[in-house]
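Only this structure's heavy atoms are used, side chains among them; waters, hydrogens and symmetry mates stay out. So you know, we letter chains A, B, ... as the sequences are listed, proteins then strands, and number each from 1.
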Protein chains: 2
Amino acid sequence: MRVMSAADRSRHDGGAPSPPEELGPVDAVVQLSFAVQALLGEIAAQHELSITQLRLLGILRDREPGMLDLARHLKLEKSSVTGLIDRAQRRGLVERSTAPHDGRAVRVRLTPEGRRLTEQITTQANETLSGLLDALAARDRARLSALAGVVVRHHAASRGVDLATHRTRRG
Amino acid sequence: MRVMSAADRSRHDGGAPSPPEELGPVDAVVQLSFAVQALLGEIAAQHELSITQLRLLGILRDREPGMLDLARHLKLEKSSVTGLIDRAQRRGLVERSTAPHDGRAVRVRLTPEGRRLTEQITTQANETLSGLLDALAARDRARLSALAGVVVRHHAASRGVDLATHRTRRG
DNA sequence: TATTGTTATACTCTATAACTATA
DNA sequence: TATAGTTATAGAGTATAACAATA
């Protein structure tokens, strides 16, 4: 893997990272993940957002979750979500509304401005990441995606048992 | 992609994320990158490190860079690196030494303790991520890695022109 | 003057613990 | 009592701007 990799050991001057030449099975995937995250981070930064805020917008695209729902999705403490929503709200991207039949609960949703930004970023991210995959011929791109999909689904299935529970009935 | 994905639109209750079922070409790769990052983040957290600290250790494994070198590697401002090294040093993982022929410069290197931790985490990360890829048969795993490697190398080559410059002579 | 690094300052992000309000 | 959420507090991580020391 890139972080802890045996590759990329060029010189001792601490110079710039060198283009890796041969990667172990794990390394390549890890490096790819860093490349993807870096690109997403750049896109987010262009809009003065963090990757967490990006994920938040993605979640809110078709949901109006409560704070605890968001904490589950984002794997954050609820108090962290409070701050996250505070800042997004201050920027006019989301709003809190009180839930219908529960005086304690809150619902979070995109504002029109938040929705515009979300759509814009979605488009931009798809373009940028398609560009990344342009290194491959169409057939290989499809293979990569298919294999990545298998890994992701397998991972979700093995981790998401409790999550799947929610889904089992009328999923 | 997962962050901004059209997949994962289950219900409106903001429930747990559902295992994605069909992914666009980009989505699968993005989701895989989030899965990898999450696993790395968990490993880092077990040792009370951030992913940035993990990357730092990886860089120091076979280098003794200066602060500006580290800033370039990590794509951080030099002042951010000062803080990063301060904290790592406070924990006994790295040490600063003065460079031989330049009174301004500093060299950062792992302490013995830092090196032990680095090796331990390297092993652990390789095991964990191998586990992730165990969803695939050996042949498919090799295919995934090869394709990921192509994308990564292509990306490094297209971005790393200035970096490669350092490398061109006596690389 | 240019380069290397640190300091001062401010903000985001995150967690833990204690709290409020409602159920 | 239990649940949904916020507040208080603290620390990591990051950036910008100003600074010190050396080249």
Side-chain angles (χ1 to χ4, degrees), chain A residues 3 13-15 37-38 40-42 44-57 59 64-91 93-109, chain B residues 3 13-16 37-38 40-42 44-57 59 64-91 93-109 166:
Chain A
V3 240
D13 62 7
Q37 294 289 314
L40 289 177
E42 280 175 24
Q46 284 170 26
H47 301 275
E48 304 199 89
L49 294 172
S50 65
I51 287 204
T52 303
Q53 297 275 0
L54 223 65
R55 295 175 64 202
L56 172 65
L57 296 182
I59 290 168
E64 294 190 7
M67 302 299 275
L68 290 180
D69 295 320
L70 284 172
R72 265 197 304 271
H73 273 74
L74 297 167
K75 296 202 182 178
L76 293 175
E77 285 303 312
K78 54 185 182 175
S79 63
S80 303
V81 175
T82 295
L84 195 70
I85 298 302
D86 283 349
R87 292 185 293 272
Q89 192 167 20
R90 211 180 302 141
R91 291 183 49 176
L93 301 178
V94 309
E95 58 192 13
R96 284 171 165 96
S97 63
T98 50
H101 296 311
D102 189 335
R104 302 167 298 179
V106 152
R107 283 210 180 158
V108 182
R109 64 163 163 256
Chain B
V3 242
D13 61 8
Q37 294 289 314
L40 289 177
E42 280 175 23
Q46 284 169 27
H47 301 276
E48 305 200 89
L49 295 172
S50 66
I51 287 203
T52 303
Q53 297 277 358
L54 224 65
R55 294 175 65 201
L56 171 64
L57 296 182
I59 289 168
E64 295 191 8
M67 301 299 275
L68 289 180
D69 296 320
L70 285 172
R72 266 196 303 272
H73 274 75
L74 297 167
K75 294 202 183 179
L76 293 175
E77 284 303 311
K78 55 186 180 172
S79 63
S80 303
V81 175
T82 296
L84 194 71
I85 298 301
D86 284 348
R87 292 185 293 271
Q89 193 168 18
R90 212 181 300 144
R91 290 183 49 176
L93 301 178
V94 309
E95 58 192 12
R96 284 171 166 97
S97 63
T98 51
H101 296 311
D102 189 336
R104 302 167 299 181
V106 152
R107 284 215 180 155
V108 182
R109 63 163 162 256
H166 287 243

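Pairs engaging residues 79-90 of chain A under the salt bridge (Lys or Arg N to Asp or Glu O under 4.0 Å) rule: A:D86-A:R96 [sequence neighbours left out].
Distance CG (A:L74) to P (C:dT14): 8 Å, rounded to an integer number of Å. Computed from coordinates, the B:E77 CD to C:dT7 C1' distance equals 15 Å when rounded to whole Å. Atom CG in B:L70 sits about 9 Å away from atom P in C:dG5, given to the nearest Å.
Residues satisfying the side-chain contact (heavy atoms from CB on, under 4.5 Å) test with B:A105, not counting sequence neighbours, are B:A99, B:D102. With sequence neighbours excluded, the residues that form a salt bridge (charged side-chain N to carboxylate O under 4.0 Å, His left out) with B:E95 are B:R109. Remark: B:E48 engages no residue in a side-chain hydrogen bond (donor to acceptor under 3.5 Å, both in side chains) (not counting sequence neighbours). Taking the salt bridge (charged side-chain N to carboxylate O under 4.0 Å, His left out) definition, one finds that A:E42 meets it with B:R159, sequence neighbours left out.
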- line: Whether each nucleotide of nucleotides 4-13 of chain D has a protein heavy atom under 4.0 Å at its base (B), only at its sugar-phosphate (S) or at neither (-) is summarised, 5' to 3', as SBBB----SB
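Taking both residues in full, the closest heavy atoms of A:A88 and A:L56 are given as CB-CD2, 4.2 Å, listed atom of the first, atom of the second, then distance.
Along DNA chain C, the nucleotide nearest to A:K75 and the one nearest to A:G103 differ in position, and the one closer to the 5' end is contacted by A:K75.
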